[in-house]
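First the structure, in the form of structure tokens, and then the observations on it.
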Number of protein chains: 2
Amino acid sequence: MPETNPGLSIGQVAERTGLSVHALRFYEREGILVAPVRRGPGGRRVYSDRDVEWLHLCVNLRASGMPLPAIRQYADLVRRGAGNEEHLLDLLRQHRDRVTAQLEQLTESLGMVTHKISAYSEQLAEGATGPITCVAPQRS
Amino acid sequence: MPETNPGLSIGQVAERTGLSVHALRFYEREGILVAPVRRGPGGRRVYSDRDVEWLHLCVNLRASGMPLPAIRQYADLVRRGAGNEEHLLDLLRQHRDRVTAQLEQLTESLGMVTHKISAYSEQLAEGATGPITCVAPQRS
DNA sequence: GCTTGATCTAGAGTCGGCTCTAGCTCGTAG
DNA sequence: CTACGAGCTAGAGCCGACTCTAGATCAAGC
């Protein structure tokens with residue numbers, strides 16, 4: 001059991017999520033959070049574990065290329081509660097498809113780069129008997 | 001070599017590479033091209049097959065997340081010709097590693113999204129006997 | 001001869017996603 | 001007491017990568 005937190009400061013959440021404190025405030029302003037963060041004495045933000053979980057999710061979505069407006073949309077749907085499951089699923093499926101496409105694209109690029117690397121290495125190994133040749137090779 | 005092109009206009013290259021004509025001019029200004037493009041009558045750009053190949057490569061690199069400055073660096077090295085193979089290889093290897101990391105990250109995200117999708121679907125299928133659960137909901 | 005459409009240049013504008021600043025309030029340590 | 005560090009808000013600034021505008025040129029078609 002990981003300690004049940006009594007609430008984290010913005011700095012602690014920044015550490016834990018890898019977001020900057022600036023980004024955390026920014027996300028909140030942008031409606032990325034499902035609900036505005038609770039405030040402690042002096043108006044300081046106090047993040048719950050759930051907030052932090054949600055932020056982890058956001059970081060994940062961002063890292064896989066979901067734009068902030070889409071995340072906000074997602075958050076909106078969650079905020080509104082039940083009755084939007086279909087819509088939520090749509091969003092997720094769309095994202096999944098985009099991620100899949102990205103994976104394909106990346107895999108292709110990786111193949112190309114790897115190919116280039118081995119071509120260059122070979123060329124270098126055998127004594128570079130000419131100017132750079134294979135600069136812009138095969139197909140798109 | 002099949003069809004040796006007599007040179008393509010910027011519009012044709014845009015079509016073929018998926019870049020806009022604006023982006024093509026922008027790339028040239030930015031030193032992304034190995035050499036400035038040849039000009040035809042009236043000062044119009046005339047792209048060779050090599051230019052187009054190179055642009056395809058650039059598109060590929062961009063699509064896999066290489067920033068323009070890095071591509072410029074690459075182009076610089078190619079421009080300078082022989083003697084920079086090691087450096088070129090470094091660049092490529094670095095990029096390969098970043099792409100590999102990206103692939104891992106994306107794969108992880110994909111897993112998460114897929115998981116979420118199936119969780120939601122199930123929940124929906126069995127009649128949604130409660131509010132949205134596995135998300136990261138409301139206030140603390 | 002005139003219009004249309006593609007091109008040219010230089011430079012301004014846009015957009016996403018933060019990042020930073022200024023000026024303030026706290027709470028604790030020395 | 002005061003100095004510090006962490007936090008607060010509103011708003012400005014920045015960076016990357018384009019994208020668009022204005023005003024000009026030119027070839028081809030009506």
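Letters A, B, ... mirror the listed sequences (proteins, then strands); counts begin at 1.
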Between the protein and nucleotides 22-27 of chain D, which nitrogen or oxygen pairs are less than 3.5 angstrom apart?
none

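- Grouping the Ile, Leu, Val, Met, Phe, Trp and Tyr side chains by contacts below 4.5 angstrom, directly or via other members, places A:Leu89 apart from B:Leu110.
- The salt bridge (Lys or Arg N to Asp or Glu O under 4.0 Å) pairs that include a residue from residues 9-32 of chain B are B:Glu28-B:Arg39, B:Glu28-B:Arg45, B:Glu30-B:Arg72, where partners are two or more places apart or lie in different chains.
- Atom CD1 of B:Ile10 and atom C1' of C:dG5 are 15 Å apart (whole Å).
- The distance from atom CZ of B:Arg38 to atom P of C:dC8 is 13 Å, rounded to the nearest whole Å.
- B:Phe26 and B:Met66 fall within the same hydrophobic cluster, where Ile, Leu, Val, Met, Phe, Trp and Tyr residues are linked whenever their side-chain heavy atoms come under 4.5 Å apart, directly or through other members.
- Close to C:dA6, at under 4.0 Å from its OP1 or OP2, lies no side-chain N or O of B:Ser9.
- Within 6.0 Å of the CZ atom in B:Arg79, the count of heavy atoms belonging to other residues, nucleotides or ligands exceeds 12.
- With rounding to whole Å, A:Arg39 atom CZ is found 14 Å from C:dC26 atom C1'.
- Judged by distance alone, the side chain of B:Asp76 and the main-chain N or O of B:Gln73 form no donor-acceptor pair under 3.5 Å.
- Tracing side-chain contacts under 4.5 Å through hydrophobic residues (I, L, V, M, F, W, Y), one never reaches A:Leu106 starting from B:Leu61; they form parts of separate clusters.
- At distances below 3.5 Å, not a single donor-acceptor pair connects side-chain atoms of A:Arg62 with backbone N or O atoms of A:Ile71.
- Going from atom CD of B:Gln12 over to atom P of C:dA6 covers 12 Å, rounded to whole Å.
- Taking atom CD on B:Glu28 and atom C1' on C:dA10, their separation rounds to 14 Å, with Å as the unit.
- As a whole-Å value, the separation of A:Leu24 CG from D:dA6 P is 15 Å.
- A donor-acceptor pair under 3.5 Å is absent between the side-chain atoms of B:Glu108 and the main chain of B:Gln105, judged by distance alone.
- Side-chain contact between A:Tyr47 and A:Leu55: present, with at least one pair of heavy atoms (C-beta onward) separated by less than 4.5 Å.
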Between the protein and nucleotides 16-18 of chain C, list every N/O to N/O distance that falls short of 3.5 Å.
| residue | atom | partner | partner atom | Å |
| --- | --- | --- | --- | --- |
| C:dG17 | OP1 | A:Arg62 | NH1 | 3.3 |
| C:dG17 | OP2 | A:Leu68 | N | 3.3 |
| C:dC18 | OP2 | A:Tyr27 | OH | 2.9 |
| C:dC18 | OP2 | A:Arg62 | NE | 3.0 |

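- Atom CZ in A:Arg25 sits about 13 Å away from atom C1' in C:dA22, given to the nearest Å.
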